Number of protein chains: 2
Amino acid sequence: MRDLRARWALEEAGLPYQTHLLGQGDQDKEEYRALQPFGQVPILEEDGLVLFESGAIVLYIGERSETLLPKDAGARFRATQWLIAALNSIEPFVMNVALMDIFYANEEWAKLRRPGAVAFVQRRLSALSKSLGDKPYLDGDRFTAGDLMMTTVLRILKHTDIVTSEKRLAAHVERCTSRPAFKRAFDAQTGDFRKAA
Amino acid sequence: MRDLRARWALEEAGLPYQTHLLGQGDQDKEEYRALQPFGQVPILEEDGLVLFESGAIVLYIGERSETLLPKDAGARFRATQWLIAALNSIEPFVMNVALMDIFYANEEWAKLRRPGAVAFVQRRLSALSKSLGDKPYLDGDRFTAGDLMMTTVLRILKHTDIVTSEKRLAAHVERCTSRPAFKRAFDAQTGDFRKAA
């Protein structure tokens with residue numbers, strides 16, 4: 001669930017927040033669709049501003065956190081670049097495989113297509129791994145909003161060995177999810193879901 | 001080609017720029033992959049800063065253009081939200097259909113899958129159209145970087161009637177592509193490609 005991205009960013013920024021979980025069917029109600037046209041989570045509300053799209057929410061929070069978006073203009077834009085790379089150059093191909101596994105596993109087209117879709121995402125991840133190289137983070141020595149977003153995207157495939165077989169990417173995910181802010185966000189999400197269930 | 005996004009943003013911002021087209025096979029060369037891990041276009045270079053991802057490039061240019069990113073913080077983040085919605089909530093599903101039509105038209109899986117993929121993108125576009133409503137632009141009366149990006153994403157399906165059958169979206173694309181900056185960018189792109197061919 002993409003609310004983890006917003007929670008993690010808020011924890012990195014050290015900003016207090018309150019969560020409000022949608023109930024069954026809320027995402028298709030008129031009043032939620034007026035805030036989020038596609039009925040997805042998360043949205044962020046602050047002082048009358050309502051934002052959707054996890055990427056935009058992380059960038060919004062990032063303006064108050066030098067950890068997420070460094071002050072130096074070049075480093076800040078490279079962090080934004082990696083955040084968008086996660087959302088536009090990696091996630092679509094990751095989701096393509098994940099949706100086949102989750103929703104379409106018994107469909108004939110998915111059985112025929114899956115090997116090609118896996119091969120495509122493997123090529124993308126191999127290129128990403130090469131770009132990461134021996135650096136700890138995508139832009140070098142510092143964790144940024146780009147690493148946050150890429151980590152949440154790579155975790156989508158944790159039911160497969162597609163990411164774990166790329167050792168440098170697997171180590172990157174491990175490095176990022178070892179951060180105390182990730183752990184707090186993850187525990188808070190798990191706690192909220194348990195309360196709701 | 002996604003360089004149109006960068007060209008259009010530069011034209012809206014009134015910034016001069018020079019283009020450098022890749023030659024055959026350049027995108028797989030080591031030196032280009034060092035700048036763009038996935039071998040795609042465009043990249044932007046300025047004063048030693050190299051950025052890839054068309055979304056990040058448009059946001060970078062947008063910081064020097066109130067047309068693209070309004071000064072008001074709320075409006076600026078909503079523009080960013082729509083830009084990311086184009087890249088993450090619309091483009092993956094648009095590309096899913098486009099890739100089937102362009103690269104996989106004769107594949108059995110694509111024949112089986114296309115109706116479902118079209119139905120999915122139609123639902124997304126119907127929700128987007130409802131959100132646009134009778135406003136001229138996604139966030140209201142003003143064109144922003146969000147409209148720029150959404151327009152370039154919707155144009156990917158111009159070989160089909162999927163967008164044109166959503167009258168409000170079709171009118172939005174028409175409104176945005178009627179802008180002089182779009183026309184200049186489009187003509188410049190066409191001219192560059194003609195010279196290269």
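Note that this is a predicted model, so its numbers are computed, not measured.
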Please classify the contact of [X] with chain B as side chain, backbone, both or neither, using a heavy-atom distance under 4.5 Å.
X: Q81(A); answer: both
X: E107(A); answer: neither
X: E46(A); answer: neither

Are more than 12 heavy atoms from other residues, nucleotides or ligands located less than 6.0 Å from atom [atom1] of [X]?
X: H20(B); atom1: NE2; value: no
X: D141(B); atom1: CG; value: no
X: K130(B); atom1: NZ; value: no

Please step through side-chain contact (heavy atoms from CB on, under 4.5 Å) for the pair I84(A) and N88(B), ending with a clear verdict.
CA-CA 9 Å; I84(A) 293 187; N88(B) 195 244; over 6 Å; no
Check whether [X] and [Y] end up in the same hydrophobic cluster, where Ile, Leu, Val, Met, Phe, Trp and Tyr are linked by side-chain heavy atoms less than 4.5 Å apart.
X: L68(A); Y: V173(A); result: no
X: I43(A); Y: L21(A); result: yes
X: M1(B); Y: F182(B); result: no
X: V50(B); Y: L132(A); result: yes
X: V153(A); Y: I162(A); result: yes

Taking P92(A), S89(A), S131(A) one by one, which has the highest count of heavy-atom pairs under 4.5 Å against chain B?
S89(A)
Between F93(A), F52(A), Y60(A), who has the most heavy-atom pairs with chain B when the cutoff is under 4.5 Å?
F52(A)
Identify the heavy atoms of W82(B) and P37(A) that sit nearest to each other, and give their distance.
CH2-CG, 3.9 Å
In terms of heavy-atom pairs under 4.5 Å, which option from [options] contacts chain A the most?
options: A110(B), G48(B), A127(B), A85(B); value: A85(B)
options: L51(B), L83(B), L112(B); value: L51(B)
options: E63(B), R76(B), R33(B), M95(B); value: E63(B)

Does any heavy atom of chain A fall under 4.5 Å from the side chain of [X], the backbone, both, or neither of them?
X: I90(B); answer: side chain
X: L49(B); answer: side chain
X: R114(B); answer: neither

Under 4.0 Å between a side-chain nitrogen and a carboxylate oxygen: does that hold for R113(A) and E108(B)?
no
Salt bridge flag under 4.0 Å for residues R78(B) and E53(A):
no
Side chains of F38(B) and R123(A): does their closest heavy-atom pair fall under 4.5 Å?
no
Would you compute the distance between atom OG1 of T80(A) and atom CD1 of I57(B) and round it to the nearest 0.5 angstrom?
12.0 Å
